[in-house]
Colleague: 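There's a structure below that I have some questions on.
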Amino acid sequence: MPEVTNTFREALSRPLTQHERDLIRWLLEHSHLDSSRLFPQVDRLSVATRCTCGCPTIDFALDGEPVASKGEQLISDWLADVDGMPVGVMLWQTNDRISTLEVYSLPGTDKPFGLPAMDSIRGY
């Protein structure tokens with residue numbers, strides 16, 4: 001059984017899915033900051049932990065080393081839909097290292113859900 005790192009996170013060690021990789025690139029391309037320096041990291045990321053609430057939020061390791069979440073700063077923040085449910089989509093970084101892809105239900109749900117399609121992403 002995987003180790004639980006805290007109440008809301010479960011330790012993992014897996015590569016990114018293509019959808020995760022594409023979503024991270026989209027969020028970097030559409031960031032409110034100049035995030036071009038972070039693009040080379042995308043192909044070096046893996047998943048270090050995932051949220052245990054049923055949302056698809058994941059934390060990253062860069063070159064196999066988990067990226068700290070303490071002191072995270074927002075890179076990109078959007079709205080989207082997953083199966084008709086509105087969600088928030090946020091990409092975070094710590095010390096110029098991509099740290100977390102956060103996807104959360106706006107109305108709240110107790111049912112697991114996945115990542116949004118890129119064509120459902122919109123601004124506030």
Colleague: Who are the side chain to side chain donor-acceptor pair (under 3.5 Å) partners of Ser69, not counting sequence neighbours?
Modeller: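 Once residues adjacent in sequence are excluded, Ser69 has no partner under the side chain to side chain donor-acceptor pair (under 3.5 Å) criterion.
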Colleague: I'd like to check Leu101 versus Thr57 (side-chain heavy atoms, cut-off strictly below 4.5 Å). Are they in contact?
Modeller: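 No, too far: nothing below the 4.5 Å cut-off.
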Colleague: Of all the heavy-atom pairs spanning Val82 and Gly114, show the shortest one and how long it is.
Modeller: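 Looks like CG2-O, 3.4 Å.
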Colleague: Report the residues that fulfil side chain to side chain donor-acceptor pair (under 3.5 Å) with Ser105, sequence neighbours left out, ordered by chain and then residue number.
Modeller: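 For Ser105 there are no side chain to side chain donor-acceptor pair (under 3.5 Å) partners, ignoring immediate neighbours.
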Colleague: With sequence neighbours left out, what residues match Arg50 under side chain to side chain donor-acceptor pair (under 3.5 Å)?
Modeller: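 In terms of side chain to side chain donor-acceptor pair (under 3.5 Å), with neighbours along the sequence ignored, Arg50 is linked to Glu10.
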Colleague: Does anything in residues 53-91 form a ring-ring contact (aromatic ring centres under 6.0 Å, His included)? List the pairs, not counting sequence neighbours.
Modeller: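 Qualifying pairs, neighbours excluded: Trp26-Trp78.
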Colleague: By side-chain contact (heavy atoms from CB on, under 4.5 Å), which residues pair with Ser35, not counting sequence neighbours?
Modeller: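 Here the qualifying residues are Leu28, Ser31, Leu33, Leu38, Ile75.
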Colleague: Which residue pairs pass the salt bridge (Lys or Arg N to Asp or Glu O under 4.0 Å) test when at least one of the two sits in residues 65-85, sequence neighbours left out?
Modeller: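 The answer is Asp81-Arg122.
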Colleague: I need the minimum non-hydrogen distance between Pro56 and Val103, along with the two atoms involved.
Modeller: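 Residues Pro56 and Val103, closest heavy atoms: CG-CB, 3.7 Å.
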Colleague: Is Leu74 linked to Leu62 within one hydrophobic cluster, defined over Ile, Leu, Val, Met, Phe, Trp and Tyr using a side-chain heavy-atom separation of less than 4.5 Å?
Modeller: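 They do not share one cluster, since no chain of ILVMFWY contacts under 4.5 Å joins Leu74 to Leu62.
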Colleague: Rounded to the nearest 0.5 Å, how far does CD of Glu29 lie from OG of Ser36?
Modeller: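 Output value for this atom pair is 11.0 Å.
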Colleague: So, do Leu16 and Ile24 sit near enough that their side-chain heavy atoms are less than 4.5 Å apart?
Modeller: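 A side-chain contact under 4.5 Å exists here.
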Colleague: Any salt bridge (Lys or Arg N to Asp or Glu O under 4.0 Å) involving residues 51-60? Give me the pairs, sequence neighbours left out, ordered by first then second residue.
Modeller: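 Listed once each, the pairs are Arg9-Asp59.
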Colleague: Do the non-hydrogen side-chain atoms of Leu12 and Ile58 ever get within less than 4.5 Å of each other?
Modeller: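 Side chain of Leu12 against side chain of Ile58, heavy atoms only: no contact under 4.5 Å found.
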Colleague: With sequence neighbours left out, what residues match Asp63 under side-chain contact (heavy atoms from CB on, under 4.5 Å)?
Modeller: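 Result, side-chain contact (heavy atoms from CB on, under 4.5 Å) vs Asp63: Arg44.
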Colleague: Determine which pairs satisfy ring-ring contact (aromatic ring centres under 6.0 Å, His included) with at least one residue from residues 101-124, sequence neighbours left out, and list them in order.
Modeller: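 Non-adjacent pairs meeting ring-ring contact (aromatic ring centres under 6.0 Å, His included): zero.
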Colleague: For Pro116, does its backbone N or O pair with a side-chain atom of His19 as donor and acceptor, under 3.5 Å?
Modeller: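 Judged by distance alone, yes, a pair lies under 3.5 Å.
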Colleague: Would you kindly confirm whether Leu27 and Leu79 end up in one hydrophobic cluster when ILVMFWY residues are joined by side chain heavy atoms under 4.5 Å apart?
Modeller: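 Looking at the clustering, Leu79 is in a separate group from Leu27.
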Colleague: Which residue pairs pass the salt bridge (Lys or Arg N to Asp or Glu O under 4.0 Å) test with at least one member in residues 14-26, sequence neighbours excluded?
Modeller: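 Qualifying pairs: Arg14-Glu20, Arg21-Asp43, Arg25-Asp43.
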Colleague: With sequence neighbours excluded, what pairs up with Asp119 under the side chain to side chain donor-acceptor pair (under 3.5 Å) test?
Modeller: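 Asp119 satisfies side chain to side chain donor-acceptor pair (under 3.5 Å) with no other residue.
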Colleague: Which heavy atom in Ala48 sits nearest to a heavy atom in Pro66, and how many Å separate them?
Modeller: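 Ala48 and Pro66 have their closest heavy atoms at CB-CB, 4.5 Å.
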Colleague: Pair up each side-chain donor or acceptor in residues 85-93 with any protein partner under 3.5 Å, not counting sequence neighbours, and list the distances.
Modeller:
{"from": "Trp92", "atom 1": "NE1", "to": "Glu102", "atom 2": "OE1", "distance (Å)": "3.0"}
{"from": "Gln93", "atom 1": "OE1", "to": "Asn95", "atom 2": "N", "distance (Å)": "3.4"}
{"from": "Gln93", "atom 1": "OE1", "to": "Asp96", "atom 2": "N", "distance (Å)": "2.6"}
{"from": "Gln93", "atom 1": "NE2", "to": "Gln73", "atom 2": "OE1", "distance (Å)": "2.8"}

